[in-house]
Asker: 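Structure in structure tokens, see below.
The figures that follow rest on heavy atoms only: side chains count, while hydrogens, waters and symmetry mates do not. Indexing begins at 1, ligand by ligand and atom by atom, following the structure's order.
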Amino acid sequence: MSVQVAPSLLAADYAHLAGEVRRIEDAGAAVLHLDIMDGHFVPNLSFGADLVAALRPLTKMLFDVHLMVTAPENYLQKFAAAGADEITVHLEAAPRLDDLLAQIAALKIKRGVSLKPDTPVEKIRPHLDRLDLVLLMSVYPGAGGQSFMPEALDRLRECRQLIGQRPVVLSIDGGVRLDNAPAIREAGATRLVSGTTIFHAPNPQSAVAQLKG
Ligand code: DX5
Ligand code: ZN
């Protein structure tokens, strides 16, 4: 699997969102990461399905929706209708994860699960055959611009082992920078989510290319 780069819209200039989406698509990104925060699962608010729907006609990028929300089952339909290609829910917010994954699949959308830095990677093991994506957080979710937690590299390696030969995307989110990207790819990540490093780069095209390696 070649490495994908997924810019996180959280770091975009909110006064010019349409232009920002075109700018990072032109920079070579094929996936747009959309961080949805409810002020409850994480202590911050971001944006909702209406904004995602408004952006959908502007771009061909794949929409990778990261739901940092309590009761994600209440939002699946809305984000599917808004044009999500993939929906990732937090394992910590999903006491019946397999039901949720089945609901996502029924919407003809790819299924992801995300883990906060403190949640054992091992917990994904029983679900691996029903997953398209695993998203490991390398910061505590809730804000962009934080520092990468180095222990995430061991967690990536462990996750890579668990995934084995399955066609599951292994994504990493938080504090991805040009200098730690080689180690992150080496540890087995196949998707690098990055807000600050791409949106604040003087040359986003070069940032995307360097993150891909
Ligand atoms: C954190 C979000 C991340 C974040 C990444 O809660 O899930 O996607 O925007 O931002 P950077 O790359 O700035 O750490
Ligand atoms: Zn995210």
Asker: Using a 4.0 Å cut-off to any heavy atom of M37, which atoms of ligand 1 qualify?
Answerer: 6 (O)
Asker: Do H40 and T70 get their side chains close enough for a donor-acceptor pair, meaning under 3.5 Å?
Answerer: yes
Asker: Suppose the cut-off is 2.8 Å; which protein N/O/S atoms would you list for the Zn ion (ligand 2)?
Answerer: H33 NE2, D35 OD1, H66 ND1, D173 OD2
Asker: For residues 203-213, which residue pairs pass the side chain to side chain donor-acceptor pair (under 3.5 Å) check, not counting sequence neighbours?
Answerer: S206-Q210
Asker: Would L10 count as a polar contact of ligand 1, with the cut-off being nitrogen or oxygen pairs under 3.5 Å?
Answerer: no
Asker: Is there side-chain contact between P117 and P141, with heavy atoms separated by less than 4.5 Å?
Answerer: yes
Asker: When you look at CD of Q161, are more than 12 heavy atoms from neighbouring residues, nucleotides or ligands closer to it than 6.0 Å?
Answerer: no
Asker: When you measure from the heavy atoms of A11 to every atom of ligand 1, does any distance fall below 4.0 Å?
Answerer: no
Asker: For D35 and S8, does a side-chain donor sit closer than 3.5 Å to a side-chain acceptor?
Answerer: yes
Asker: Which of the numbered atoms in ligand 1 are below 4.0 angstrom from a heavy atom of S8?
Answerer: 8 (O), 9 (O)
Asker: Considering non-hydrogen atoms of the protein only, which is the closest contact for atom 1 (C) of ligand 1, and what is the distance?
Answerer: A143 O, 3.5 Å
Asker: Under 4.0 Å from any heavy atom of G174, which atoms of ligand 1 are there?
Answerer: 14 (O)
Asker: Side-chain polar contacts of residues 129-136 - donor-acceptor pairs under 3.5 angstrom, sequence neighbours left out - could you list them?
Answerer:
residue : atom : partner : partner atom : Å
D129    : OD1  : R166    : NE           : 2.7
R130    : NE   : D98     : OD1          : 3.1
R130    : NH2  : D98     : OD2          : 3.2
R130    : NH2  : P126    : O            : 2.7
D132    : OD2  : R111    : N            : 2.8
D132    : OD2  : R111    : NE           : 3.1

Asker: Pick one of side chain, backbone, both or neither for how P141 approaches ligand 1, counting any non-hydrogen atom pair under 4.0 Å.
Answerer: both
Asker: For G144, counting its heavy atoms only, list the atoms of ligand 1 lying under 4.0 Å from any of them.
Answerer: 10 (O), 13 (O)
Asker: Please determine whether the number of non-hydrogen atoms from other residues, nucleotides or ligands lying under 6.0 Å from atom NZ of K116 exceeds 12.
Answerer: yes
Asker: Considering non-hydrogen atoms only, spot the tightest contact between I87 and A84 and give its length.
Answerer: CG1-CB, 3.9 Å
Asker: Purely on distance, is any nitrogen or oxygen of D173 under 3.5 Å from one on ligand 1?
Answerer: yes
Asker: Suppose I only count heavy atoms of H33 and a 4.0 Å limit; which atoms of ligand 1 are within that range?
Answerer: 8 (O)
Asker: Mark up the atoms of ligand 1 that fall under 4.0 Å of a heavy atom belonging to M137, in ascending order.
Answerer: 7 (O)
Asker: Check each atom of ligand 1 against the heavy atoms of G145 and keep those under 4.0 Å away; list them by number with element.
Answerer: 11 (P), 13 (O), 14 (O)
Asker: Which pair of non-hydrogen atoms, one from A6 and one from D64, has the smallest distance, and what is that distance?
Answerer: CB-OD2, 4.3 Å
Asker: T197 versus ligand 1: do any nitrogen or oxygen atoms come within less than 3.5 Å of each other?
Answerer: no
Asker: Would you name the heavy atoms of L128 and L162 that are closest together and state the gap between them?
Answerer: CD1-O, 3.3 Å
Asker: Listed by chain and number, what are the ring pair (Phe, Tyr, Trp, His ring centres under 6.0 Å) partners of F47, not counting sequence neighbours?
Answerer: none
Asker: Here's a test for you: under side-chain contact (heavy atoms from CB on, under 4.5 Å), which of V193, L192, T196 qualifies with V176?
Answerer: L192
Asker: So which heavy atom in the protein is nearest atom 13 (O) of ligand 1, and how far is it from that ligand atom?
Answerer: T196 OG1, 2.3 Å
Asker: What atoms in ligand 1 come closer than 4.0 Å to a heavy atom of H66?
Answerer: 7 (O)
Asker: Can you establish whether the number of heavy atoms outside H200 located under 6.0 Å from its atom NE2 is more than 12?
Answerer: yes
Asker: Is there a side-chain contact between F79 and E86, using heavy atoms and a 4.5 Å cut-off?
Answerer: no
Asker: Does a side-chain heavy-atom distance below 4.5 Å link R23 with E25?
Answerer: no
Asker: Geometry only, no angles: is G195 polar-contacting ligand 1 at N/O separations under 3.5 Å?
Answerer: yes
Asker: Relative to atom 2 (C) of ligand 1, which among D35, L9, L135 owns the nearest non-hydrogen atom?
Answerer: D35
Asker: Looking only at protein heavy atoms, identify the closest one to atom 6 (O) of ligand 1 and say how far it is in Å.
Answerer: G142 N, 2.8 Å
Asker: Checking the N or O distance criterion of under 3.5 Å, is ligand 1 in contact with G175?
Answerer: yes
